[in-house]
Amino acid sequence: MSRYDPAATEPKWQAAWEAEGVFVARHDPARPKYYVLEMFPYPSGRIHMGHVRNYTMGDVIARYKASCGFSVLHPMGWDAFGMPAENAAMERGGHPKDWTYGNIADMRAQMKPLGLSIDWSREFATCDPEYYGQQQAMFLDMLQAGLVYRKSAMVNWDPVDMTVLANEQVEDGRGWRSGALVERKELTQWFFRISDVAGELLSALDGLKNWPEKVRLMQANWIGQSRGLQFAFSTVDAPDGFDRVEVYTTRPDTLMGASFCAISPDHPLAKHLERHDPEIAEFVADCRRIGTSEEALEKAEKRGMDTGIRVRHPFDTAWELPVYIANFILMDYGTGAIFGCPAHDARDFEFATKYGLPINPVFLPASSDPAGDEVPLAEAFVPPKTEPVRYVRGFAGAEIQTGEAAIAAAIDFCEANGVGRGVTNYRLRDWGLSRQRYWGCPIPVVHCPACGVVPERKENLPVRLPDDVSFDQPGNPLDRHPTWRDCACPSCGGPARRETDTMDTFVDSSWYYARFTAPRAPTPTDPAEADYWMNVDQYIGGIEHAILHLLYSRFFARAMHATGHLPAKAIEPFDALFTQGMVTHEIYMTRDAGGRPVYHLPEDVEEGRLRATGEAVEIIPSAKMSKSKKNVVDPVNIVRAFGADTARWFILSDSPPERDVEWTASGAEAAYKFLGRLWRMADEIAASDTPDDPEEDRALTRATHRAIADVTAGIEGFAFNTSVAKLYGFANTLSKSRAGCAARREAMGVMAQLLSPMVPHLAEEIWHMLGGEGLVAQARWPEADAAMLVEDEVTLPIQINGKRRGEITVPKDMPPAEIEKLALANEDVVRFLAGQPVKKLIVVPGRIINVVV
RNA sequence: GCCCGAGUGGCGGAAUGGUAGACGCAGCGGAUUCAAAAUCCGCCAUCGCAAGAUAUGUCGGUUCGAGUCCGACCUCGGGCACCA
């Protein structure tokens with residue numbers, strides 16, 4: 001007897017699929033299509049278990065849908081632009097292009113042995129000129145359609161390296177390489193007008209029924225629609241041109257509690273003052289050293305500086321409020337200026353306390369005594385807006401009303417009295433796409449001294465990145481390129497300069513799903529192909545992309561539709577979204593002589609000790625796999641040791657797909673053992689010649705249909721771990737079955753089919769052993785016969801006061817009245833009741849009986 | 001700081017508001033073996049001799065009945081617009 005040998009069988013079946021072209025996506029108008037897509041990888045050079053998990057899940061869906069008769073599109077590509085390639089070039093020399101394409105070749109070679117049902121003929125990388133050239137063409141269309149514009153915006157500036165830094169390159173306010181204090185610097189940059197469709201992106205979330213609720217919520221909060229009042233304070237002692245300060249507030253009902261006005265350090269007034277007042281200049285410069293990330297601003301200590309300027313309260317011109325420049329006011333949100341009401345805002349409270357500003361409550365709890373004295377607040381009073389409160393400094397609406405009602409009344413009152421207007425605002429800002437970097441898609445415009453900003457002609461696309469660049473000094477090599485930068489103006493032909501900024505890599509990933517429908521088309525998309533394949537029926541990826549990537553893609557699909565590159569039905573490109581959890585592993589740590597942690601690879605550790613020295617390791621439980629912590633398990637090693645099916649089976653079992661999964665060596669071995677057991681079962685059943693046994697055969701057939709129903713439900717519901725558990729159960733049932741060989745062969749054949757989306761190589765092997773026709777990958781998915789799933793009898797637990805005290809087994813359709821009688825006669829029940837009268841009897845048919853005493 | 005999640009045996013986890021712990025790992029016992037590996041069979045939440053009691057991060061609520069619904073809190077994770 002031979003044995004389960006994945007090293008031999010897996011390549012064999014992969015070759016068979018390849019020879020048959022099983023996974024080539026076919027545009028077949030006669031069949032329904034199904035487009036399954038996993039978020040494409042960044043070509044770091046090594047695949048990791050997170051990739052294996054992501055692509056295995058997609059593969060289960062793709063193979064399952066294919067066997068259900070769909071024409072499946074399941075492509076793969078590479079999110080190939082981005083900073084790591086440039087960092088590698090700076091650290092190790094070489095060219096980002098060589099590094100990237102080398103990594104792609106390596107990763108493709110690591111992925112192919114996994115046996116994924118991918119149509120590799122559609123593969124592309126976003127750094128292919130054929131791809132980014134089409135992206136440039138769309139950029140030009142969007143520019144013409146008014147969807148892109150230029151404006152000034154802040155970047156993190158490293159004054160030593162003279163280069164722009166990404167937020168992740170700023171560590172504690174300092175540049176990661178130079179260590180210099182980072183400054184905010186203004187640059188003119190390109191923006192997509194995503195905020196113009198903020199309301200639309202928000203309301204369309206309701207239609208995304210097959211997206212996780214949490215993702216829709218996160219996007220809704222990110223878009224941040226608010227209704228508020230915008231009005232102007234008139235100023236006292238302000239410089240010329242600043243006789244008014246526009247502010248926006250979502251709490252106009254608290255106007256009578258205002259105690260100061262605060263403006264952003266980037267507000268025009270602050271910028272004016274910094275030019276004339278050294279003290280203010282120093283403070284503003286200090287504020288700008290916090291960097292550009294909202295997180296850093298929020299976490300920084302709240303600080304402000306009194307400008308000496310005053311504003312008049314809109315309801316009482318004699319009432320003056322001081323104007324502060326405050327480090328926590330964002331120029332991008334509202335008008336970049338607010339009024340502070342410390343009594344009802346935690347941040348304003350902290351600020352007012354720090355600078356000795358008045359804290360006057362506008363409302364008190366509804367239950368407070370109207371005649372009572374005002375007691376100083378210990379903290380800001382911020383009840384939910386839906387809770388009624390008693391207004392003591394109200395000016396519109398009832399004395400006792402909810403915040404919501406008071407806000408609406410305040411806006412009406414202000415509008416009626418000529419103090420500002422109600423406006424709907426969004427937190428969502430326009431999408432800045434300029435990056436001062438080399439390894440990205442060049443922005444196809446030219447700056448001409450005579451004509452200004454001129455779009456490149458489409459026939460000159462792609463604007464290719466030059467290859468002759470060096471990374472021996474920081475900054476963008478395009479900026480200092482001797483020839484590429486200088487060009488002729490496409491409009492007047494005079495000397496001009498190319499735009500040296502490249503595009504945010506989020507642009508690349510905002511339309512790759514559309515390109516997969518026609519990856520070699522001479523235009524960004526092909527209308528017939530886009531019409532057939534769009535939308536993505538199932539998109540799968542990490543929750544870390546819940547907001548930015550998915551929101552940008554939703555916007556970009558709309559922009560593509562507006563410029564004629566996608567049909568109207570594709571403006572929401574992802575019909576269903578699934579967000580999977582991470583793959584984690586224990587961390588093994590010892591300490592060096594200085595007490596600093598030293599990490600060790602899993603393969604160097606055995607039973608809690610280092611293999612080499614026997615030294616005991618400290619075990620830190622389940623953390624995200626990362627190189628620096630050395631808790632990575634390389635899929636290549638797993639596939640080499642156990643085969644792809646074992647890696648796939650393990651990654652699907654145990655943990656629900658949306659949760660993190662902990663990789664354990666024992667779990668991987670268990671997966672391998674189980675697959676070996678299935679192999680032996682098939683081998684034994686194929687050779688068996690036991691006679692039929694009507695009763696046993698029938699029981700096995702029922703179990704088979706139960707397995708079909710349960711495994712299918714698991715796949716449909718994205719609960720692969722429960723499908724796996726059901727397959728374990730079915731295997732246990734089958735191995736114990738006394739049914740005849742015909743019935744067992746039948747059952748084992750169904751087993752092969754149910755296994756095929758998850759462990760496709762083994763499934764083919766079993767299918768083949770049993771004499772199945774063709775490839776199981778092309779067999780029709782089995783259907784469960786509903787009649788086979790019905791049980792004749794049910795066991796009902798009996799509870800007394802909600803605690804389980806006994807059970808009865810009754811025919812499935814016994815009337816409740818009879819069940820009641822049987823339940824009350826049950827000896828456990830009689831004993832527990834001990835003669836107590838029954839107050840209530842609840843019979844839930846087919847479920848439970850509860851006796852209340 | 002703000003937004004969004006997740007917490008169930010020794011471990012991973014299962015459970016349309018209806019028997020908490022399916023299935024797997026580890027562990028324990030047995031079979032097979034000269035012996036071991038591999039394999040096969042059985043046991044396995046905790047406390048208790050038992051009857052039973054206690055158990056789904058903590059505290060409270062709704063319900064005949066709560067892991068599941070509601071409120072507060074704790075811990076861990078994701079995101080915060082130039083990481084991808």
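All values derive from a computational prediction rather than experimental measurement.
As a whole-Å value, the separation of A:R706 CZ from B:rA22 P is 18 Å. What separates CZ of A:R805 from P of B:rA20 is a distance of 11 Å, to the nearest Å. For the pair A:L652 CG and B:rA14 P, the interatomic distance rounds to 14 Å; values are reported in whole Å. With rounding to whole Å, A:L187 atom CG is found 13 Å from B:rC82 atom P. One can place CG of A:L165 at 14 Å from P of B:rC82, the figure rounded to the nearest angstrom. Atom C1' of nucleotide B:rC4 and atom CG of A:L205 are separated by 14 Å, given to the nearest angstrom. With rounding to whole Å, A:N850 atom CG is found 13 Å from B:rA66 atom C1'.
With A:F642 as the partner, the ring-ring contact (aromatic ring centres under 6.0 Å, His included) test is satisfied by one option alone out of A:Y4, A:F674, A:Y672: A:Y672. A side chain to side chain contact (heavy atoms under 4.5 Å, CB included) with A:V507 is found for one member of A:W431, A:Y552, A:Y132 and no other, namely A:W431.
A:S653 comes within contact range of no nucleotide atom at all, as no heavy-atom separation falls under 4.0 Å. Within the nucleic acid shown, A:I842 comes within 4.0 Å of at least one base atom, counting heavy atoms only. Within 4.0 Å (heavy atoms only), A:R659 reaches sugar-phosphate atoms of the nucleic acid but no base atom.
Contact between the side-chain N/O atoms of A:R429 and the OP1/OP2 oxygens of B:rC82 is not found at any separation under 4.0 Å. For A:T505, a side-chain nitrogen or oxygen approaches OP1 or OP2 of B:rA84 to under 4.0 Å. The phosphate of B:rC23 has neither OP1 nor OP2 within less than 4.0 Å of any side-chain N or O from A:N721. For the pair A:R427 and B:rC2, the criterion of a side-chain N or O lying under 4.0 Å from OP1 or OP2 is not met. Within the structure, every side-chain polar atom (N or O) of A:R3 is placed at least 4.0 Å from both OP1 and OP2 of B:rU39. Checking the phosphate oxygens (OP1, OP2) of B:rU54, a side-chain nitrogen or oxygen of A:K803 falls inside 4.0 Å. For B:rC83, neither phosphate oxygen OP1 nor OP2 lies less than 4.0 angstrom from any side-chain nitrogen or oxygen of A:N87. The shortest distance between the side-chain N/O atoms of A:R847 and the OP1/OP2 oxygens of B:rG17 is not below 4.0 Å.
Note: A:C441 SG to A:D501 CG = 12.0 Å, rounded to the nearest 0.5 Å. Taken from OG1 in A:T292 to CG in A:L297, the straight-line distance is 8.0 Å, to the nearest 0.5 Å. For the atom pair OH (A:Y426) and CG (A:L201), the distance works out to 9.5 Å, reported to the nearest 0.5 Å.
By the 4.5 Å heavy-atom criterion applied to side chains, A:K185 and A:M154 are not counted as neighbours. Annotation: side chain of A:Q219 is not in contact with side chain of A:R216 (no heavy-atom distance under 4.5 Å).
Looking at A:D158 and A:R174, no side-chain N of the basic residue comes within less than 4.0 Å of a carboxylate O on the acidic one, giving no salt bridge.
With a 3.5 Å limit on both pairing distances and Watson-Crick or G-U wobble geometry required, the stems of 3 or more pairs in RNA chain B span B:1-7 with B:74-80, B:10-12 with B:23-25, B:27-31 with B:39-43, B:45-47 with B:52-54, B:57-61 with B:69-73.
Here the separation of B:rA38 from B:rA26, taken at their P atoms, is 10 Å to the nearest Å. When the P atom is compared between B:rG10 and B:rG48, the two are found 15 Å apart, to the nearest whole Å. Between B:rA20 and B:rA66, the distance separating the two P atoms is 10 Å to the nearest Å.
When distances are taken from the side chain of A:D654 to each of B:rC4, B:rG12, B:rC64, the shortest belongs to B:rG12. Nearest to the side chain of A:I543, among B:rC82, B:rC25, B:rG78, sits B:rG78.
Residue order along RNA chain B, read from the 5' end via each residue's closest nucleotide, puts A:K299 first among A:T722 and A:K299. Both A:F506 and A:V852 lie close to RNA chain B; mapped to their nearest nucleotides by heavy-atom distance, the more 5′-ward contact belongs to A:V852.
No N or O donor and acceptor, one from the side chain of A:E669 and one from the base of B:rC25, sit under 3.5 Å apart. Below the 3.5 angstrom threshold, one finds no donor paired with an acceptor across the side chain of A:E213 and the base of B:rC4.
Side-chain atoms of A:S509 and A:D79 form no donor-acceptor pair, as typed in the model, at a separation below 3.5 Å.
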